[in-house]
There are 2 protein chains.
Amino acid sequence: MGELARATGVTVRALHHYDQLGLVSPGERTASGHRRYTAADVRRLYRVRGLRQLGLSLPEIAVVLDHGGADPAALRQLLDAQLRQVRVQIERANRLEIHLTELVAQLDAEDVPRPDQFLTTLETMSMYERYFSQDQRDRLAERRAALGTEAVDAARAEMSTLIEEAIRHQRAGTPVDDPAVRDLVGRWTGLGALLGTDGAREQASAGRLWDDHREEISRRMPWPAEDFLAAVEYLRAARGAGRAV
Amino acid sequence: MGELARATGVTVRALHHYDQLGLVSPGERTASGHRRYTAADVRRLYRVRGLRQLGLSLPEIAVVLDHGGADPAALRQLLDAQLRQVRVQIERANRLEIHLTELVAQLDAEDVPRPDQFLTTLETMSMYERYFSQDQRDRLAERRAALGTEAVDAARAEMSTLIEEAIRHQRAGTPVDDPAVRDLVGRWTGLGALLGTDGAREQASAGRLWDDHREEISRRMPWPAEDFLAAVEYLRAARGAGRAV
DNA sequence: GCTTGATCCTGACGTAGCGGCAGGTCATAG
DNA sequence: CTATGACCTGCCGCTACGTCAGGATCAAGC
């Protein structure tokens, strides 16, 4: 038994497991109950090993070995499904790799490592991922990549000044249909168009995100939370007023 | 609570689980025992979500959240380890994808689909993978790819005629130091050199494989098993004799 | 105040593929 | 006859929850 285990690279415990499932059972037993594997059993065991390396589950393997010989189409279908699954897995793993690489780079780029800020970034990203689909996130990332780091940083800076102006106007009580505010809204939507958040679906997602989490988001901004919140509401109202006209 | 669950995309059951592990526990409870999550708890929950998406385990996340804030180096190390693990996973998945693709192609290429032969191929491959390391297999696959399909098929054909000649000589009792047999051995080692199996480690691996499984291998060949076995032993003896001289 | 439907609670079992251990039996060499 | 492997049959453990079961609580309408 240990002999078979060594020859096949399967542990004795796994052999017991396969026996229990009826996947590979010894053809006979000695009087004392010890398992005796026949040559056919050994072949079957090798097949199990081969199919396991394809990532199939033990029940799937059982089906292939017991009925697969008669049904090539089913076998092909199973392999196809497995292949699709592996490709999905590869895609996910690649995305994760990119994500991790970026995070490590960000961590290294910080002059004074602030793990807390890192965690806050993660927090925000995980919120953001709840509201934008994989597709949308892919497109947005592509867009940013196409623009390049400089352009994205510039857009970010523009967004900052824009927010600050909005805060001032909101505090001053400038009416939302004032030309200056109209101009602000124009620059705001322009930034959205640049970054690719101007689609109907992206707007809807961002709207839901804001509706559900306006306080949390505002609290994480480099401005006083209530100022930021009020400014964004002000801009949205102004955009709404602009549309209504 | 269901509210929190909906807002964060975490199930109620997961919240219970996190509470049980002490990963995210509600700051307080109502008199009746219902969980009340504070704003700090919610932030912590978002961080857990973010770290989970990096593929970290719950115990790892607990460490990061409880002590990671004070130790940026440990955090970096953890992310590095995770990144390495993901890369290994990507490599494995890619190899599996190639393997599956080849198998599906092979299945499709058969004029008469013979699932049984397919399983036998798998069997053989799983045996072969036990004796050649990942490194060796990669190098051999690279070598075959560099040679191209035609050259590999030609080598295979040459190997077939070589085996048949060896069978004839062995049956005829030609001595192993006969010039004709010397020539056979020369062509044999030449094929090995072509396919990249001429390294010391590859020879050793192949030797162990043959020693452990000569009967099984022989039985799978398109010649009578005992003829094939005898022919290979004959060639090995001839090679040994040639070396001794 | 009472009912009702939604929400919440605490256990407890199930998952995939074995790993590992405990306590006992069998086989073989000395 | 015994010492030492190799083998046997249970049974618990692992991840990160899903999925009941059975009961308590809550908010709202009557």
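These values consider heavy atoms only, across backbone and side chains, with no hydrogens, waters or symmetry-generated copies. In what follows, chains carry the letters A, B, and so on, assigned in the order in which the sequence lines appear, proteins first and then strands, with residues in each chain numbered from 1.
- Distance, A/L15 CG to D/dC7 P: 10 Å, rounded to whole Å.
- Going from atom CD of B/E60 over to atom C1' of D/dA16 covers 14 Å, rounded to whole Å.
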**Request:** Would you mind building the protein contact string for nucleotides 17-28 of chain C? One character per nucleotide, 5' to 3', B for base within reach (heavy atoms under 4.0 Å), S for sugar-phosphate only, - for untouched.
**Result:** BBBB-----SS-
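- Between B/A7 and B/Y46, the shortest heavy-atom contact is O-OH, 3.4 Å.
- Atom pair B/R29:CZ and C/dC9:C1' shows a separation of 8 Å (rounding to whole Å applied).
- In this structure, A/R36 reaches neither bases nor backbone, as no heavy-atom distance under 4.0 Å exists between it and the strands shown.
- Side chains of B/R239 and B/Q203 form a contact here, defined as non-hydrogen atoms less than 4.5 Å apart.
- Classification of the A/H213-A/Y131 ring pair by plane angle, with boundaries at 30° and 60°, yields perpendicular.
- A salt bridge is defined here as a Lys NZ or Arg NE, NH1 or NH2 lying under 4.0 Å from an Asp or Glu carboxylate O, and B/R76 with B/D80 meets this definition.
- Distances shown here put every side-chain N or O of A/R35 at or beyond 4.0 Å from the OP1 or OP2 atom of D/dC7.
- Straight-line distance from the CD atom of A/Q85 to the C1' atom of C/dA16: 14 Å, rounded to whole Å.
- The distance between atom CD of A/E3 and atom P of D/dG5, rounded to the nearest whole Å, is 18 Å.
- A/M127 is not listed as a side-chain neighbour of A/R130, based on a closest heavy-atom distance of 4.5 Å or more.
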**Message:** Test salt bridge (Lys or Arg N to Asp or Glu O under 4.0 Å) on A/E91 and A/R95; report intermediate values, then the result.
**Reply:** CA-CA 6 Å; A/E91 238 185 293; A/R95 268 202 297 274; 3.7 Å; yes
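- Taking atom NE2 of B/H16 as the reference point, atom P of D/dA21 lies 18 Å away to the nearest angstrom.
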